[in-house]
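Okay, so here's the structure we're looking at.
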There are 2 protein chains.
Amino acid sequence: MMARVGRREEILAIACRLFSQKGYHGTTIRDISEACGILSGSLYAHINTKEDLLFEITDRGAEAFLGSLEPIVKSGKTASQKLREAVKAHMHVIEANLEAATVFFHEWKALTGDRYEQIRKKRDSYERLWAAILEEGIKSGEFKQLDEKLARLLVLSVANWTYQWYRPGGKLKADEVADRFVEMILIGFQA
Amino acid sequence: MMARVGRREEILAIACRLFSQKGYHGTTIRDISEACGILSGSLYAHINTKEDLLFEITDRGAEAFLGSLEPIVKSGKTASQKLREAVKAHMHVIEANLEAATVFFHEWKALTGDRYEQIRKKRDSYERLWAAILEEGIKSGEFKQLDEKLARLLVLSVANWTYQWYRPGGKLKADEVADRFVEMILIGFQA
DNA sequence: GATAAAAACAAACAAGCGCTTGTTTTTGAG
DNA sequence: CTCAAAAACAAGCGCTTGTTTGTTTTTATC
């Protein structure tokens, strides 16, 4: 016999949903197992520890964000184009997996030891990719002579806050939101 | 004899610090009492429940943000001036009480029942104050014909993400950050 | 220095926590 | 139908959780 490959994914998805709703520390192993329709002990045929679940969810989230941004930064487009596509890519990752994105942004600090460090490093890498886009735009004269750090913080604030309000299936489509955000960032509010 | 008025405040400050560091569910009553230098049971001479602590911290946070923004919205200044002062006021609240702001933004969802609703309403009120500034600027023609909702989300993203990176005493002064953020928002990145 | 409020201790409570163990049931390929 | 792997159960481990209770110590005031 073979293990149903889907079972573990199912558990991850359920844990992801609960972590995003009630937080990691606010979710118990019994919450997860109950939502799976099994007893709490039975979960441990599929996982080693509760923190494994959190790590796997956040790590996949980190990889999704990194993997979507890397090709854009490496492309030969202009900084404005890269910025636009970066925001779009970021929104698409959130759209495709809002719950995992929420856990990634909101719960990753509950990780301990080496796993905390691993995710922290991936977050840093992600920020550096954004920094590269802004540095390029500032250096080439395409953007104003902005303080790169503050410009990056502004863009990242917009990107990183998205999980708090964006709801797939709502009126606002991810691509449209991204386009308008980038437009506002590029040309400003002032008439 | 009279109760030392400072004792309860001390406990609140310690709980605030721990909640901001480890989260509400990640902090135990024994963590708090130990940091206070007393036994866990002794805490209950000063508080009724653990959630009381969270509520008092988040409610004070909400009031601080609301109280700082209200007079600005009501003032007779231009929308741009209001926007500038609003961002400054927001940053000042965070600067003056980073830990409480962190708990307010990050842990308020751990509240239950009526208290959850109370804080949610205050958060809504706060967003509506920001909306008023943007609506005014758009209506008067001072700002471009922006989608008000998306413009508000952009500004709120920048404001609400601040607690994640701003550190009082660092190189960046709150007023300076606010000025540069507003400048970028008003006139955009494009050269 | 007596007094009473305030603050702390000492000890424990019921409930819930993450997780382990040994056993039984379900499953699907041969 | 057989049989072994996989998945679930049943029971409970040691520990921690938020909180309560009754008692003692500290504190400021008269």
Side-chain angles (χ1 to χ4, degrees), chain A residues 1-59 103 107-116, chain B residues 1-59 103 107-116:
Chain A
M1 239 216 77
M2 281 197 315
R4 267 158 70 200
V5 288
R7 195 58 175 137
R8 192 160 199 281
E9 290 303 314
E10 212 178 313
I11 291 167
L12 272 168
I14 286 168
C16 187
R17 196 188 77 228
L18 291 171
F19 289 168
S20 78
Q21 285 170 353
K22 322 202 297 173
Y24 175 71
H25 288 302
T27 304
T28 71
I29 283 290
R30 283 168 181 84
D31 288 336
I32 298 168
S33 64
E34 195 179 326
C36 291
I38 58 176
L39 295 184
S40 64
S42 308
L43 258 189
Y44 287 84
H46 307 278
I47 64 167
N48 289 320
T49 67
K50 185 188 173 191
E51 193 174 330
D52 281 3
L53 288 169
L54 179 61
F55 178 73
E56 196 149 337
I57 292 163
T58 52
D59 193 55
V103 176
E107 302 298 327
W108 74 279
K109 284 193 174 175
L111 289 166
T112 61
D114 182 54
R115 288 167 148 176
Y116 176 92
Chain B
M1 239 216 79
M2 282 197 316
R4 267 159 69 200
V5 287
R7 196 56 174 141
R8 193 160 198 280
E9 290 302 314
E10 212 178 312
I11 291 167
L12 272 169
I14 286 167
C16 187
R17 195 188 77 230
L18 291 171
F19 289 169
S20 78
Q21 286 169 353
K22 321 204 297 173
Y24 174 71
H25 288 302
T27 303
T28 70
I29 282 290
R30 282 167 182 82
D31 289 336
I32 299 168
S33 63
E34 195 179 326
C36 290
I38 57 177
L39 296 183
S40 65
S42 309
L43 259 188
Y44 288 84
H46 306 279
I47 64 168
N48 288 321
T49 68
K50 185 188 173 191
E51 194 175 329
D52 281 3
L53 288 169
L54 179 61
F55 178 72
E56 196 149 337
I57 292 163
T58 51
D59 192 54
V103 176
E107 302 297 328
W108 74 278
K109 284 193 176 176
L111 289 167
T112 61
D114 182 52
R115 289 167 147 177
Y116 176 91

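Order of the sequence lines fixes the chain letters, A, B, ..., with proteins taken first and strands second; residue numbering starts at 1 for each chain.
Between B:Arg7 and the phosphate of C:dA8, there is a side-chain N or O to OP1/OP2 separation shorter than 4.0 Å. Between B:His46 and C:dA6 there is no side-chain N or O to OP1 or OP2 distance below 4.0 Å. Contact annotation: A:Tyr44 does not reach the phosphate of C:dT20 (side-chain N/O to OP1 or OP2, under 4.0 Å).
Within 4.0 Å of B:Ser42, counting heavy atoms only, lies at least one base atom of the nucleic acid.
Atom-to-atom, CD1 of A:Ile47 to C1' of D:dA6 comes out at 16 Å; the value is rounded to the nearest Å. In this entry the distance linking CD of B:Glu51 with P of D:dT17 reads 18 Å, nearest Å.
Every residue was checked against the ring pair (Phe, Tyr, Trp, His ring centres under 6.0 Å) condition with A:Tyr44, not counting sequence neighbours, and none meets it. Scored by the side chain to side chain contact (heavy atoms under 4.5 Å, CB included) test, B:Ala13 finds no partners at all (sequence neighbours excluded). Residues passing the salt bridge (Lys or Arg N to Asp or Glu O under 4.0 Å) test with A:Glu56 are A:Arg8, A:Arg60, sequence neighbours excluded. With sequence neighbours left out, A:Ala35 forms a side chain to side chain contact (heavy atoms under 4.5 Å, CB included) with A:Ile14, A:Arg17, A:Leu18.
At least one donor-acceptor pair under 3.5 Å links the side chain of A:Thr58 to the backbone N or O of A:Leu54.
For A:Ile38, whose side chain is taken as the heavy atoms from C-beta onward, the closest listed nucleotide among D:dA7, D:dG18, D:dC9 is D:dC9. Checking D:dA10, C:dA7, D:dT19 against the side-chain heavy atoms of A:Leu39 singles out D:dA10 as nearest. Relative to the side chain of B:Thr28, the nucleotides D:dT17, D:dA7, C:dG18 differ in distance, and D:dT17 lies closest. Side-chain proximity of B:Lys50 to the nucleotides C:dA7, D:dA8, D:dT19 is greatest for D:dT19.
A:Tyr24 and A:Phe19 have perpendicular rings, their planes meeting at more than 60° on a 0 to 90° scale where under 30° would count as parallel.
Within residues 29-36 of chain B, the residues having any heavy atom under 4.0 Å from DNA chain D are, by residue number, B:Ile29, B:Arg30.
Side-chain N/O atoms of A:Ser40 and base N/O atoms of C:dC19 include a donor-acceptor pair closer than 3.5 Å.
The salt bridge (Lys or Arg N to Asp or Glu O under 4.0 Å) pairs that include a residue from residues 26-51 of chain A are A:Lys22-A:Asp31, where partners are two or more places apart or lie in different chains.
Along DNA chain C, the nucleotide closest to A:Thr27 and the one closest to B:Ile11 are compared, and the more 5′ of them pairs with B:Ile11.
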